[in-house]
Amino acid sequence: DIDAILWYMGKKVKTVRGYEARNERGEYADLNWAVLRFENGSLAVLETMWLMPDKTPFLDDVLQVVTTSGVANVDVLNSGLTIWREDGVEVPDVSYEPRLRGSAYGALREEISHFALSILEGKKPTVVTTEDGVEALRVGLAIMESGRTDREIELASFA
């Protein structure tokens, strides 16, 4: 989720504020909320929850992007992507695994294919770089530290 947000934003995270809750038995948080403030003033809000019942058949996987010119809702389990604009609604198919002629296609297949081809062909990834991965990890660790210490973290000073 952090990878996707950083990719969509194309800006650096300035501060993070994490919140966490855990059940008494666990060493790690069962629920994490985070607010990311970007260098341009934009905000992103993340929620990660591990308290689903054992027999839950699938995970909730939703992303909403709100801008001044429209709203995009990515709901991988249900409708895929919906875009709300002044002139109407668009619903392209962006589900993880749409089936076509007996094979899975879509975002997840393309992601894995790009990664595998980069390795097989000895090419550096061009969509998401190693540096992008390191930055996403740094943001994630800052979120965890913020939740643990109950304070906002400035990314410029977080190693």
Side-chain angles (χ1 to χ4, degrees), residues 1-67 70-84 91-99 104-116 118-119 125 127-159:
D1 294 342
I2 296 169
D3 288 328
I5 288 170
L6 297 180
W7 185 80
Y8 284 125
M9 291 301 299
K11 303 286 183 202
K12 294 281 188 188
V13 175
K14 184 176 179 182
T15 62
V16 300
R17 179 59 173 100
Y19 301 89
E20 64 179 39
R22 68 185 77 238
N23 82 36
E24 303 81 39
R25 299 172 302 198
E27 179 182 349
Y28 300 103
D30 298 302
L31 172 67
N32 295 90
W33 274 65
V35 178
L36 284 60
R37 183 176 303 277
F38 289 82
E39 61 190 6
N40 66 351
S42 295
L43 297 175
V45 179
L46 290 163
E47 176 190 66
T48 303
M49 191 215 14
W50 300 103
L51 294 174
M52 303 295 283
D54 288 341
K55 296 195 186 253
T56 300
F58 49 79
L59 296 176
D60 181 17
D61 196 355
V62 177
L63 169 71
Q64 184 176 58
V65 179
V66 179
T67 71
V71 176
N73 292 297
V74 181
D75 182 349
V76 178
L77 297 175
N78 296 306
S79 62
L81 171 65
T82 58
I83 302 170
W84 304 339
V91 186
D93 184 359
V94 296
S95 56
Y96 277 153
E97 296 180 15
R99 300 287 169 167
Y105 288 85
L108 185 58
R109 178 181 176 184
E110 292 303 312
E111 176 185 337
I112 293 169
S113 292
H114 177 76
F115 178 74
S118 294
I119 292 170
V127 177
V128 177
T129 66
T130 304
E131 293 79 16
D132 294 330
V134 169
E135 185 62 14
L137 178 59
R138 193 168 79 93
V139 170
L141 291 171
I143 290 168
M144 291 173 61
E145 178 69 11
S146 175
R148 188 182 65 73
T149 61
D150 198 25
R151 64 181 177 87
E152 183 176 84
I153 304 282
E154 293 274 342
L155 264 284
S157 61
F158 187 78

Between Leu43 and Val35, does the side-chain contact (heavy atoms from CB on, under 4.5 Å) criterion hold? Intermediate values first, please. CA-CA 7 Å; Leu43 297 175; Val35 178; 4.2 Å; yes
As an exercise, state the distance from [atom1] of [X] to [atom2] of [Y], rounded to the nearest 0.5 Å.
X	Y	atom1	atom2	answer
Arg138	Ile153	CZ	CD1	11.0 Å
Glu135	Asp132	CD	CG	8.5 Å
Asp30	Arg22	CG	CZ	8.0 Å

For the residue pair Ile2 and Gly140, what are the closest heavy atoms and their distance? CD1-CA, 3.6 Å
Counting N and O atoms only, with roles assigned by atom type, does the side chain of Ser146 sit under 3.5 Å from a partner on the main chain of Ala142, one being a donor and the other an acceptor? no
Under the criterion side-chain contact (heavy atoms from CB on, under 4.5 Å), I'd like the reasoning laid out for Leu155 against Leu36: C-alpha separation, chi angles, the key distance, then a yes or no. CA-CA 10 Å; Leu155 264 284; Leu36 284 60; over 6 Å; no
Does Asp1, at its CG atom, have more than 12 non-hydrogen atoms belonging to other residues, nucleotides or ligands within less than 6.0 Å? no
Determine all donor-acceptor pairs shorter than 3.5 Å in which one atom belongs to a side chain in residues 3-19; sequence neighbours excluded.
residue	atom	partner	partner atom	Å
Arg17	NH2	Asp150	OD1	2.5

